[in-house]
Amino acid sequence: MLDVVDIGKRSLATYRGVAPDEQLDALSRCAERLRGARCLHLSATPYGGGVSEILRSLVPLYNDLGIVADWKLIHGDDTFFQVTKRIHNGLQGAPGALTESEKAIYLANSQLNARRLIADSEDYDFIFVHDPQPLALATLSGNRDARWIWRCHIDTSRPNPSFWELLAPYLLDYDAAIFTLQEFIPPALPIEHVRVYPPAIDPLSPKNHPLPQPLARDVLEWIGIRTHRPLVTQVSRFDRWKDPMGVVRAYQRVRPHVPDLQLALVGSLAMDDPEGWDCYEEVRAATVHDSLIHVLTNLVGVGNVEVNALQAYSDVVVQKSLREGFGLVVAEALWKGTPVVGGRVGGIPLQLREDSGGILVDSVEECAEAMLHLLRQPDEARLLGARGREHVRQHFLMPRLLLDHLHLLDTLSS
Ligand code: UDP
């Protein structure tokens with residue numbers, strides 16, 4: 001059996017007045033046609049990273065609309081997740097190739113998971129597969145009754161061919177694929193229905209719900225942040241594509257100009273992300289002697305509410321990625337009206353537009369300049385943040401994502 005992720009109920013009605021009305025109205029109409037359909041989301045981990053963040057909010061909303069939805073996890077040991085992390089990196093263009101034994105690990109674990117899926121013997125009309133970890137299940141489960149959809153959250157515009165050739169045959173069994181940007185669609189994709197739309201954040205989740213100022217302040221003091229000092233934050237998995245060391249270097253350039261500036265680097269360590277531990281150790285070693293740099297993780301209790309407080313309270317949020325699928329953390333910060341300095345990669349420019357949201361950067365130097373500029377110009381920073389929030393409201397809240405998914409399911413069922 002695959003593990004089912006237990007999630008509570010959510011009601012779309014509570015999004016009235018928060019998300020745009022036209023999206024909520026369109027959702028009810030579209031859901032009418034799909035009522036009673038059964039839908040499964042398959043992913044690798046229940047926490048840590050964007051996919052779990054999205055599914056925790058999205059899955060209950062299907063159920064609220066009368067579409068039965070489950071979220072299940074594939075199993076895997078450390079070696080499997082080391083291999084899938086290499087596949088993830090290879091699909092984002094990292095060099096190298098899997099060895100024969102690594103390929104065998106991927107296949108053997110995928111076969112086991114396919115058997116578990118078959119053993120569940122549930123009839124789904126639609127199966128969404130998130131990212132490359134569960135990708136082979138469409139083929140290996142032999143289930144041709146469901147419509148299979150691959151939701152690729154990463155930048156696959158220039159995949160390393162050796163990784164792409166390994167996975168491409170499994171895509172033949174998919175009916176549809178979804179990418180965040182047009183340019184992420186890999187060359188020669190053998191799938192009939194290809195859609196391009198970005199993910200979204202949940203404005204009503206504990207991470208994004210408005211926090212009263214005194215509570216936010218208490219939460220931050222509790223985790224060692226001094227609320228009378230300025231603060232710059234990056235929230236990311238510890239991953240080299242997120243460039244935490246680049247953030248440290250940019251911060252060190254700004255510090256002589258703003259001597260009491262604090263930096264918070266917040267990262268969760270996920271079970272499908274073994275490289276994260278090495279990256280974490282590297283960041284810790286480089287920053288341990290600086291009392292104004294706070295390296296915080298889920299392991300010391302920094303969870304959704306703490307991230308919420310950090311994103312809301314920071315003077316500037318940074319997301320200095322070198323590759324990025326979308327970067328939910330950018331939308332999360334903007335939703336709180338906090339301006340963002342973001343790497344000009346992947347989905348970040350979708351969120352930081354001309355004169356809205358923040359500043360796009362291409363290097364450590366530009367990142368430092370942009371941080372300093374926003375710290376010195378608080379009125380401009382506030383205005384950018386406010387515009388960014390409205391952009392997020394229109395384009396990157398959960399009802400819009402659900403609507404895009406339902407449109408696709410509607411097409412696939414006709
Ligand atoms: N996140 C978190 N705690 C952390 C690091 C990340 O809650 O210490 C969350 C973050 O708030 C966001 C998600 O994990 O919701 C990361 O999504 P994003 O799209 O930014 O990056 P991904 O990890 O999917 O590459």
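The first residue of the sequence shown is numbered 1, and numbering continues consecutively from there. Counting convention: from 1, in listed order, for ligands and their atoms alike.
Closest to atom 15 (O) of ligand 1 among all protein heavy atoms lies Glu332 OE2, 2.5 Å. If you check which protein heavy atom lies closest to atom 6 (C) of ligand 1, you get Val235 CG1, 3.7 Å. In terms of protein heavy atoms, atom 19 (O) of ligand 1 is closest to Leu328 N, 2.9 Å. Of all protein heavy atoms, the one closest to atom 8 (O) of ligand 1 is Ser268 N, 2.7 Å.
One option in Gln234, Lys242, Glu306 has a heavy atom closer to atom 21 (O) of ligand 1 than any other, and that option is Lys242.
Using a 4.0 Å cut-off to heavy atoms of Gly327, the atoms of ligand 1 that qualify are 19 (O), 20 (O). The atoms of ligand 1 that sit less than 4.0 Å from any heavy atom of Gly267 are 4 (C), 8 (O). Annotation for ligand 1: atoms under 4.0 Å from non-hydrogen atoms of Gly50 are 13 (C), 16 (C), 17 (O), 22 (P), 23 (O), 24 (O). Atom numbering of ligand 1 starts at 1 in the shown order; those under 4.0 Å from a heavy atom of Val266 are 8 (O). For ligand 1, the atoms sitting less than 4.0 Å from at least one non-hydrogen atom of Val329 are 10 (C), 11 (O), 12 (C), 20 (O), numbered in the order shown with element in parentheses. Close approach of ligand 1 to Glu53 (heavy-atom distance below 4.0 Å) involves ligand atoms 15 (O). Close approach of ligand 1 to Arg237 is summarised as follows: ligand atoms under 4.0 Å from at least one heavy atom of the residue are 22 (P), 23 (O), 25 (O).
Annotation: cation-pi pair Arg147/Phe126 absent, no NZ/CZ under 6.0 Å from the ring centroid and within 45° of its normal.
Ring geometry, Tyr280 versus Trp277: the interplanar angle exceeds 60°, so the pair is classed perpendicular (tilted spans 30 to 60°).
Listed for the Gln351 side chain is a donor-acceptor partner under 3.5 Å among the backbone atoms of Gly327. Looking only at distances, a side-chain donor or acceptor of Thr287 sits under 3.5 Å from a matching main-chain atom of Val283. Remark: the backbone N or O of Asp202 is paired with a side-chain donor or acceptor of Asn208 at under 3.5 angstrom.
Every pair passing side-chain hydrogen bond (donor to acceptor under 3.5 Å, both in side chains) that includes a residue from residues 185-201 is listed here, sequence neighbours excluded: Tyr197-His405. Residue pairs meeting the ring-ring contact (aromatic ring centres under 6.0 Å, His included) criterion with at least one partner in residues 320-352, sequence neighbours excluded, are Phe326-Phe396.
Residue Lys207 has at least one nitrogen or oxygen atom sitting less than 3.5 Å from a nitrogen or oxygen atom of ligand 1, judged on distance alone.
Between Asp315 and Arg376, no side-chain nitrogen of the basic residue sits less than 4.0 Å from a carboxylate oxygen of the acidic one, so the salt-bridge criterion is not met.
Looking at Leu374 and Val232, their side chains never come closer than 4.5 Å, going by heavy atoms from C-beta outward.
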